[in-house]
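All residue numbers refer to positions in the sequence shown, counting from 1. All heavy atoms count here, side chains included; hydrogens, waters and symmetry mates do not.
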Amino acid sequence: ESAPATAAELAAGVVAAGGWPTRLCSEGGRLNGAALTSDGRRLWSAADERGAMRLRVWSVDTAQCERTHEIGVAAWAVCAHAGVVYVGAADGAIHRFLETGAQPGERFEGGGTKPVLALEAEPRARPAWQRDGASARERGPLLLSAGADGCVRAYELPLRADGLGRRAIAGTRVLLDGGGADGVTSVRALAACQLPSEGLPGAAGRALLAGGDEGVVRAFSLRDGGGCGEAQGAPVAAGASIHALASLGVGKAAAALDSGALLVLRAALTQPPAHGWAFTAPTVSWAAVQLLDGHATVAWTVAAAWRQA
């Protein structure tokens, strides 16, 4: 096993790039969420502007607003994937928009009635695989949601209504059940991360990070079948409430904290002893490796995009 990397090595490539040159909401408004489109050329923002809820689409090149959508209910989460933008609403619904064009959105019931505070999508579909007698079918990427009911839910993309007239999403799976009772700790942030690929077939090489008012980051496996949602290692204490999470590449993520700082996390794989011929997957754990100064007040959202050179 190689020697552990230093904190500086682990955080390589995470640098401040300056601020957005224009306001993302009007004076006195509040920015609730933001997401870069699949190609990184536009930024979608959700803002509460004195009771009016607006989704805006911004050009990254010019920092100018290109168009505006209104959904009539508070929006708390924005996620873009494969040409589609998903918006989580205060009534538990999920709205679907095309990244380009001015078409109105489609509304789906997400499975809960409390606000959807976070949305995240796996970056790509999971291919079929076979190894040492085990196998899994190909499936679409998962859209993951979390919110004020303390639950984390997964939906296979593309979203499909259940056909019962309520526009509920077919095939909804609950990965983390917060119970939905009053006083439950809200989950406010999600990030789907690619893990180092050594010894991890298929979707076992993907993890979901979740955080919120509890002030810890929890990691879950996005592997196939019944193991989907299993915890990966111990929770990582952040020292403050977590408002946003974002993947920073393979095995790395950042958390935006109530303190205004960004916490960088990294995954580590440990290969357990082999037992005969059976395949034994490595165990995965996460650790905090660097705390970056960010904002003087609460860091509400963080967005990252990766472009191939």
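- In this structure a side-chain-to-backbone donor-acceptor pair under 3.5 Å is missing from Ser247 to Cys193.
- The two residues Ala77 and Leu119 come nearest to each other via the heavy atoms CB-N, 3.7 Å.
- Counting heavy atoms from C-beta on, the side chains of Leu257 and Ile242 come closer than 4.5 Å.
- Listed here is the closest heavy atom pair of Trp286 and Ala207: CZ2-CB, 4.1 Å.
- Closest approach of Val78 and Ala46 over heavy atoms only: CG2-CB, 3.8 Å.
- Ring planes of His69 and Phe97: tilted class, angle from 30 to 60°.
- Here the closest heavy-atom approach between residue Ala148 and residue Ser186 is recorded as CA-OG, 3.5 Å.
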### Task
Please report the C-alpha distance between Leu209 and Leu190 in whole Å, then the side-chain angles of each, then the deciding distance to 0.1 Å, and finally whether the side-chain contact (heavy atoms from CB on, under 4.5 Å) criterion is met.
CA-CA 5 Å; Leu209 302 184; Leu190 297 172; over 6 Å; no
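- For the side-chain contact (heavy atoms from CB on, under 4.5 Å) with Leu195, the lone residue among Val284, Leu222, Val250 that qualifies is Val284.
- By the 4.5 Å heavy-atom criterion applied to side chains, Arg96 and Leu159 are counted as neighbours.
- Residues Asp258 and Arg188 are not paired through a salt bridge, judged by the lack of any N-O separation under 4.0 Å between the basic side chain and the carboxylate.
- Residue Asp39 comes nearest to Arg42 through the heavy atom pair OD1-N, 4.2 Å, listed as atom of the first residue, atom of the second, then distance.
- Distance alone, capped at 3.5 Å, is enough to place a donor-acceptor pair between the Glu122 side chain and the Leu142 backbone.
- Distance alone, capped at 3.5 Å, places no donor-acceptor pair between the Ser59 side chain and the Gln64 backbone.
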#### Entry: CA sep, side-chain torsions, deciding dist, call: Val264, Lys252, side-chain contact (heavy atoms from CB on, under 4.5 Å)
CA-CA 7 Å; Val264 180; Lys252 190 185 294 184; 4.0 Å; yes
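- Between Leu144 atom CG and Arg153 atom CZ the span is 12.0 Å, to the nearest 0.5 Å.
- The main-chain N or O of Ala75 is found under 3.5 Å from a side-chain atom of Asn32 such that the two form a donor-acceptor pair.
- Of the inter-residue distances, the one linking Leu265 atom CG with Gln290 atom CD reads 11.0 Å to the nearest 0.5 angstrom.
- Between the Tyr86 side chain and the His81 main chain, no donor and acceptor come within less than 3.5 Å of each other.
- The shortest distance between side-chain heavy atoms of Val152 and Arg218 does not fall below 4.5 Å.
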### Query
For Leu43 and Leu24, what are the C-alpha separation, side-chain angles and deciding distance, and is it a side-chain contact (heavy atoms from CB on, under 4.5 Å)?
CA-CA 10 Å; Leu43 179 75; Leu24 294 177; 4.0 Å; yes
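- Contact record, Leu245 with Ala191: CB-CB, 3.7 Å, taken as the closest heavy-atom pair.
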